[in-house]
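Here is the structure we will look at.
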Amino acid sequence: MGDGSTSRRDTIRHNQNVLLYSGVKFSAIGSLAASVVLVSTFDSIVDVTMAYLWMAIVSSIYLFRVLDSYQFKRDSSAESRTRHWSTRFYWLALASSAAWASSIWLMFPADHPAYQVLLVLTIGAVAGGALASLPYDNKLSLVFQLILFLSVEVKLLSVSTQFSLEVALYSLFVFGFLISCGSKVGTNYLELLRLKQDSQDNNIALIKTTEQMAQMGYWQWKIGSKSVDLSDNIAKLLGHNSNSISIKHCFARVHPDDKHIINTSLNSIIENEQSEETAIEYRLSLADDPAPRHMRQLIKRMTDTDGNLCLFGSVQDISAIKKAEQKIYNMAYYDDLTQLANRAHFHEHLERHTTHATNTSQNYSLIYIDLDNFKGVNDSYGHECGDAYLSAFAVHMRSCIGRSNFVSRLGGDEFCIVLHDVSDRDQIKKIAQRVLAFCDQPIWIGNHCIHPKLSIGIAVFPEHGDRPDLIVKRADTAMYYVKQHGKHNLAFYCESMDQDATERVRLEADLRQALADNDFELWYQPKMDVSDNSVAGVEALIRWRHPDKGLIPPDLFITTAERVGVIKEIGEWVLVTACEQLKQWNSQGYQLEMAVNISSDHFATEGFTDFVIDTVATVGIKPSDLEVEITESLSRDPIAHTQICHELRAAGIRVAIDDFGTGYSSLSVLGKLEVDTLKIDRSFIQHLPDDTTSRLMVKAITDLALGLGYECVAEGVETSEQLDFLKNLNCPYVQGYFFSKPLTTEEFIPYLVKTLDQQRAA
Ligand code: C2E
Ligand code: CA
Ligand code: CA
């Protein structure tokens, strides 16, 4: 973990020092041995005192150098004091060179040419020894050898003994060779040291880059010490300038909830001899980033070069990986539109929570919610509006329940709430009613006004089932029960609903079969002109002739047909059959109007107008003889439905609002409706003429309808009093059991003939 302040040159010089000092011991042994041999050989021909004195000087210098090398080794700051040590080494080396050089002056045997050669050879050997002990510094070895060489040459040339000139000449060759050799070896060694340093530097740079790229760092802690050594990258991550940091500071940045993870892992690896490494993940708060970072750390127990027990940790910032994991998790577990938990998440949660509740003997409840007529919103106003509607509902749901509960969107317009540990019916009901309160006010999406309605089913664990799938099924059963029995309400599951549900499933299958087998038939209820009690037209009413159950009225299957999506096929069959019937009656000479009921689901589908217009043309009836009845709630949508009505009327086909008075038409839109007829709902006629409110309502509707130029039909007239009351109001048409119940095709013509006869008679 370099601290950056040590320059490359210093590092090289330090490495040089290490190598130079490592050779001191051997050169000392060599020099001492050589000096002993020399003195013992020369003691008979030179001044003995002088010889021993010289040997003592050489020995002391080398002894001193050996001690110096020990000191160097022990100096922990040697790396930063390279100049100091290299200068010391330099002067001591030169001192030993000078000591050897002095030998030729102190012990030159003037009368013994052979000894002279021996002395020169010994000094030459010392110079050669520099090749072995000083090759790491070419300048030093050069000066070392030069001192010896010059001393030998000057001495030999200054005396004129036998062969001294020849020896000086030979020495010149030998020393010349040694010096040039030393210089070359030195240069090469220095180059080698530089190369080695460069490669180390490159490795460090490579490691640093790798650290940065992999978002990695590492640390080392000598067990028991107060500080931790950090790599540059991890120091940077922690916002520290120094590569050493106190343990306390290290922990200060760990997320409070994760501190125990680090403590446990450190303790376990310190105490447990068996485990040599351990991997953990934790969060770290960084100096410059408030969002915690996720770190993965591998800790290894190792022994350092000095034999101390150390922990070595490599740390990687895995925040990006975590983020990606989180994204994948969100995609897999949350609904994109509402940000609520999705179906998969819901099932997983319920499974887990059921296990928990079973183990702890707790209860919980499940609220199953379905938006009524969501499909209608989607079809009429478009999917964007439908999406906004769902989002608004999701926001409302979140506000209804506490944080400890679980809300999810199962798909489409179905939602579920899990109320953890809640089984008290009043409490559940309160929450469910808060959800229902969504419908208290209309919501505006762009310029569309939606009156939300929803159905809620509730099941309680373990009272209604001890398995998650059973609880879901039962809450769903309760929800469908609500839908079948008037919608927009809530109900707790009870056993009798199962019967209902089984029948519902069978009904769905049977409906599709009925379409295939042509088991539907149309009955016709006459519409009477009150001025002369003549048949002005008929309303086609569907019946299902079930192979086992006999005749089934429309109230028992139209809602299901709408829900399972066969209503369009049924509606088309009704339209074609009714038109063909009318054509047949026309060809028999009877002029009538034909009214056909169209479900709101069907009315809003694409291509509806084209289908009606085509049918009229293909069958060949007068367009104005056909009236399409739609329920009042539909006409609340200003634009989409007005457009359909407009297209139908432009083709000459009439449009009626069925069950008028039960919906929400405001008086302000009444004048602008693209319709021809208003059919006053039976509920108003029923209590005529005694009930004051009914009287006032019917009078108001009739006056308004006639005043605005609509045709008016009163439904469900059963008594002559009711008929008289309506006659007084000038209501032109009525329908009801007073005249006739719906009739089969076979029954209708005789009825028609009978009325014609009565008319003629009157
Ligand atoms: P609606 O359109 O209001 O039809 C009138 C219903 O009132 C008919 O019931 C009819 O038999 C009944 N009714 C007529 N006069 C009287 C009366 O004086 N007293 C009483 N108590 N009832 C009377 P039905 O045929 O059972 O039809 C029920 C509903 O089913 C219809 O109400 C209509 O909304 C729907 N429906 C019938 N046929 C079709 C169809 O072909 N397509 C669609 N989408 N819906 C249909
Ligand atoms: Ca009708
Ligand atoms: Ca009606």
Side-chain angles (χ1 to χ4, degrees), residues 373 376 511 514-515 519-528 535 537-545 550-582 593-605 608 611-612 615 626-635 654-663 675-688 711-723 725-726 733-745 747-748 751:
N373 194 30
L511 265 176
L515 257 175
D519 282 343
F520 295 110
E521 51 190 69
L522 289 183
W523 288 31
Y524 301 91
Q525 186 176 40
K527 178 175 94 176
M528 308 305 286
V535 177
V538 288
E539 177 180 2
L541 293 159
I542 195 168
R543 303 287 180 264
W544 176 10
R545 197 166 290 281
L551 203 63
I552 303 176
D555 287 337
L556 295 185
F557 63 86
I558 290 293
T559 318
T560 309
E562 283 170 350
R563 195 168 51 73
V564 298
V566 292
I567 195 64
K568 183 171 174 239
E569 281 105 312
I570 292 180
E572 288 179 354
W573 176 86
V574 170
L575 268 165
V576 173
T577 312
C579 291
E580 283 172 349
Q581 184 60 68
L582 182 64
E593 282 170 10
M594 174 67 77
V596 171
N597 293 284
I598 294 298
S599 152
S600 54
D601 282 9
H602 183 195
F603 186 76
T605 55
F608 172 73
F611 184 85
V612 179
T615 306
L626 181 66
E627 189 161 70
V628 171
E629 292 188 13
I630 54 174
T631 49
E632 189 190 353
S633 57
L634 269 178
S635 58
R654 298 167 61 86
V655 180
I657 294 189
D658 207 354
D659 306 340
F660 189 82
T662 57
V675 300
D676 304 274
T677 309
L678 301 186
K679 294 187 80 173
I680 307 172
D681 192 65
R682 186 158 59 87
S683 58
F684 297 104
I685 311 298
Q686 217 171 1
H687 303 112
L688 287 179
E711 218 155 68
C712 194
V713 183
E715 292 185 303
V717 176
E718 293 183 354
T719 66
S720 56
E721 289 82 5
Q722 289 169 347
L723 181 64
F725 180 83
L726 290 160
Y733 301 103
V734 299
Q735 249 178 270
Y737 292 176
F738 179 73
F739 287 102
S740 169
K741 289 197 170 186
L743 303 166
T744 60
T745 328
E747 292 167 341
F748 182 69
Y751 177 81

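If you're wondering where the values come from, they're calculated on a predicted model, not measured in any experiment. For ligands, and for the atoms within them, numbers begin at 1 and follow the listed sequence.
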Is there a donor-acceptor pair under 3.5 Å between the side chain of T744 and the backbone N or O of E747? yes
Side-chain (Q525) to main-chain (S740) donor-acceptor, under 3.5 angstrom: yes
Could you give the distance from [atom1] ([X]) to [atom2] ([Y]), rounded to the nearest 0.5 Å?
{"X": "D658", "Y": "I680", "atom1": "CG", "atom2": "CD1", "result": "12.0 Å"}
{"X": "Q722", "Y": "Y737", "atom1": "CD", "atom2": "OH", "result": "12.5 Å"}
{"X": "D659", "Y": "E715", "atom1": "CG", "atom2": "CD", "result": "5.5 Å"}
{"X": "H602", "Y": "I630", "atom1": "NE2", "atom2": "CD1", "result": "13.0 Å"}

Please indicate whether any nitrogen or oxygen in [X] is less than 3.5 Å from any nitrogen or oxygen in ligand 1.
{"X": "I542", "value": "yes"}
{"X": "E629", "value": "no"}
{"X": "E539", "value": "yes"}

Just wondering, is there an N, O or S atom on D658 that's nearer than 3.0 Å to the Ca ion (ligand 2)? yes
Short check: any N/O/S atom of E539 below 3.0 Å from the Ca ion (ligand 2)? yes
Indicate, as side chain, backbone, both or neither, the part of [X] found under 4.0 angstrom from ligand 1 when only non-hydrogen atoms are considered.
{"X": "D658", "value": "side chain"}
{"X": "Q525", "value": "side chain"}
{"X": "R682", "value": "side chain"}
{"X": "D659", "value": "side chain"}

Can you tell which of L522, T577, L541 gets a heavy atom nearest to atom 10 (C) of ligand 1? L541
Enumerated ligand 1 atoms positioned under 4.0 Å from heavy atoms of [X]:
{"X": "P742", "result": "11 (O)"}
{"X": "V574", "result": "41 (O)"}
{"X": "G736", "result": "15 (N), 18 (O)"}

Examine ligand 1 and decide if any of its atoms is less than 4.0 Å from a heavy atom belonging to [X].
{"X": "G571", "result": "no"}
{"X": "E715", "result": "yes"}
{"X": "K741", "result": "no"}

Pick one: which of W523, Y751, F748 meets side chain to side chain contact (heavy atoms under 4.5 Å, CB included) with V538? F748
Shortest non-hydrogen contact from V734 toward L723: CG2-CD1, 3.9 Å
Ignoring hydrogens and geometry beyond distance, is a side-chain donor-acceptor pair present between S599 and D601 at under 3.5 Å? no
Does the ring center of F520 lie less than 6.0 Å from the ring center of F557? yes
Closest to the Ca ion (ligand 2), which N/O/S atom of E629 is it? OE1
Test item: E572 and F611 side chains (from C-beta on) under 4.5 Å apart, heavy atoms: yes
